[in-house]
Amino acid sequence: MESERDKPAPEACPRCGSAAVVPIMYGLPGPDLTAAAERGEVELGGCLVPVPWKWSCPECGYKWPLPPEALESDLVRAALAVAYEVHGDQERKGDGSEYISHPIEVAHMLHEQGLGDTVVAAGLLHDVVEDSDWTVDGVDNRFGGDVSALVDAMTEDKRVEEYMRRKAIHRAKVEEAGMPAAPIYAADKLANLRALRAAYREQGEAVGRHFNAPLDDKVENWRSDVEMLTALDREMPFVADLEIELLQLRADRLAQRGDS
């Protein structure tokens with residue numbers, strides 16, 4: 001598995017814009033890693049479990065993908081621990097990313113929009129019922145009714161086997177739940193679409209082999225998601241970005257296929 005040190009650093013800190021971004025390395029460091037830390041090439045994160053951050057900005061002290069201030073919440077820290085419990089050992093997704101990276105990315109997006117600890121915690125937990133033995137009642141017992149209601153809204157009915165029908169039912173469920181479930185849904189879709197576009201740039205149309213539905217069906221489903229979210233609130237966080245990503249994916253596919 002590729003280590004964080006081997007991955008390209010983000011171009012800039014999302015808080016201050018500095019390009020002086022370094023990876024955070026966890027565990028007991030050896031001599032090489034200690035020397036790299038002394039040169040300012042990495043930051044040593046100790047033996048924290050679960051691992052909350054991947055990147056650090058030496059200029060302003062910001063760490064992400066989950067900012068330090070988000071983890072001041074007992075609720076968010078507990079949700080992060082459960083997310084690692086459920087997703088930390090799962091195999092990589094079809095686009096090559098780790099499963100645990102997805103709920104953390106969604107939670108980061110929600111936190112940056114100022115949507116509050118309950119929504120951030122639900123973002124971390126939004127796939128746990130689908131991907132594990134956790135139930136909505138279990139989430140309710142551990143995290144309370146506000147979080148469990150959002151997780152319930154984010155949970156598809158896996159008993160519906162046909163992909164497009166299952167997605168339509170879930171979309172209607174989110175539409176009925178409204179705010180603040182809808183921004184979690186939008187963040188989830190945006191994170192997935194960005195990951196797919198990154199994989200598409202490397203694999204082209206072959207990327208569709210890794211997913212549970214044809215790429216055309218996934219694109220059509222995202223279009224329907226945008227329509228539903230726009231009808232709820234065009235100014236909702238992530239909706240405009242989701243529209244842009246869809247247009248860019250269309251352009252990517254046209255370029256790949258040589259269409260005009």
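Heavy-atom contacts from other residues, nucleotides or ligands closer than 6.0 Å to CD of Glu69 number more than 12. By the neighbour-count criterion of 12 heavy atoms within 6.0 Å, atom CD of Glu11 is sparsely surrounded, having that number or fewer from other residues, nucleotides or ligands. Counted within 6.0 Å of CZ on Arg201, heavy atoms from surrounding residues, nucleotides or ligands total more than 12; the atom is thus considered enclosed.
The closest side-chain donor-acceptor pair between Lys54 and Ser101 falls under 3.5 angstrom. A donor-acceptor pair shorter than 3.5 Å can be found between the side chains of Trp134 and Glu85. Looking only at atom types and distance, the side chain of Tyr200 has no donor-acceptor partner in the side chain of Gln256 under 3.5 Å away. Counting only N and O atoms by type, the side chains of Asn192 and Asp188 include a donor and acceptor under 3.5 Å apart.
Two residues are said to be in side-chain contact when any heavy atoms from C-beta on lie closer than 4.5 Å; Val86 and Tyr99 fail this criterion. Looking at Pro180 and Leu150, their side chains come closer than 4.5 Å, going by heavy atoms from C-beta outward. Between Thr155 and Val128, the closest side-chain pair of non-hydrogen atoms is not below 4.5 Å. Taking the side chain as every heavy atom from C-beta outward, Pro14 and Trp64 approach each other to under 4.5 Å. Within the 4.5 Å cutoff, side-chain heavy atoms of Pro23 are placed close to those of Trp55. Two residues are said to be in side-chain contact when any heavy atoms from C-beta on lie closer than 4.5 Å; His102 and Asp127 meet this criterion. Annotation: side chain of Lys218 is in contact with side chain of Tyr163 (closest heavy-atom distance under 4.5 Å). In this structure, the side chains of Leu229 and Phe238 stay at 4.5 Å or more apart for every pair of heavy atoms.
In this structure, CD1 on Ile100 lies 12.0 Å from CD on Glu105, to the nearest 0.5 angstrom. Annotation: the span from Leu246 atom CG to Lys189 atom NZ amounts to 11.5 Å, rounded to 0.5 Å. One finds the CZ atom of Arg165 at 10.5 Å from the CD atom of Glu161 (value rounded to the nearest 0.5 Å). The structure places CG of Leu80 at 5.5 Å from CD1 of Ile104, a figure rounded to the nearest 0.5 Å. Of the inter-residue distances, the one linking Tyr62 atom OH with Trp53 atom CH2 reads 11.0 Å to the nearest 0.5 angstrom. Taking CE of Met236 as the start and CD of Gln113 as the end, the distance is 11.5 Å to the nearest 0.5 Å.
Formation of a donor-acceptor pair under 3.5 Å by the His108 side chain with backbone atoms of Pro65 is found in this model. For Asp152 (side chain) and Val136 (main-chain N/O), no donor-acceptor pair under 3.5 Å exists by modelled atom type. For the pair His87 (side chain) and Leu125 (backbone), a donor-acceptor distance under 3.5 Å is absent.
Linking Ile, Leu, Val, Met, Phe, Trp and Tyr residues whenever their side-chain heavy atoms come within less than 4.5 Å places Met228 and Leu190 in a single cluster. Under the 4.5 Å side-chain heavy-atom criterion for Ile, Leu, Val, Met, Phe, Trp and Tyr, Met164 and Val160 are members of distinct hydrophobic clusters.
Checking each of Asp241, Leu242, Val219, Asp225 against Leu193 for a side chain to side chain contact (heavy atoms under 4.5 Å, CB included) leaves exactly one that passes, namely Leu242.
Between Asp216 and Arg253 there is a salt bridge, with a side-chain nitrogen of the basic residue lying less than 4.0 Å from a carboxylate oxygen of the acidic one. With respect to Lys63 and Glu43, a salt bridge is recorded, a charged nitrogen being found less than 4.0 Å from a carboxylate O. Electrostatic pairing of Arg223 and Glu220 counts as a salt bridge here, judged by a charged N lying under 4.0 Å from a carboxylate O. Asp157 has no carboxylate O lying under 4.0 Å from a charged side-chain N of Arg166, or vice versa, which leaves the two without a salt bridge.
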| task | Verify side-chain contact (heavy atoms from CB on, under 4.5 Å) between Glu245 and Gln248, making sure each step is shown before the conclusion. | result | CA-CA 5 Å; Glu245 287 290 331; Gln248 290 175 331; 3.7 Å; yes
| request: Begin from the C-alpha positions of Tyr185 and His126 and carry the test ring-ring contact (aromatic ring centres under 6.0 Å, His included) through to its verdict. | output: CA-CA 9 Å; Tyr185 185 83; His126 75 271; 9.8 Å; no
| request: Let me see the working for Glu156 and Lys167 under salt bridge (charged side-chain N to carboxylate O under 4.0 Å, His left out), right down to the final yes or no. | output: CA-CA 8 Å; Glu156 292 184 357; Lys167 294 297 184 180; 2.4 Å; yes
| message | Could you walk me through whether Val82 and Leu124 satisfy the side-chain contact (heavy atoms from CB on, under 4.5 Å) test, starting with their C-alpha distance in whole Å, then the side-chain angles of each, then the deciding distance to 0.1 Å, before giving a yes or no? | response | CA-CA 8 Å; Val82 171; Leu124 284 165; over 6 Å; no
| field | salt bridge (charged side-chain N to carboxylate O under 4.0 Å, His left out) between Glu59 and Arg15, worked out | value | CA-CA 10 Å; Glu59 298 292 329; Arg15 284 285 172 88; over 6 Å; no
| What do the steps show when you test Arg171 against Glu227 for side-chain contact (heavy atoms from CB on, under 4.5 Å), and what is the final call? | CA-CA 10 Å; Arg171 186 162 42 249; Glu227 291 175 2; over 6 Å; no
| message | Using side-chain contact (heavy atoms from CB on, under 4.5 Å), reason through Cys60 and Ser18 one step at a time and then give a plain yes or no. | response | CA-CA 8 Å; Cys60 70; Ser18 170; over 6 Å; no
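Closest approach of Val119 to Leu110, counting heavy atoms only: O-CD1, 3.6 Å.
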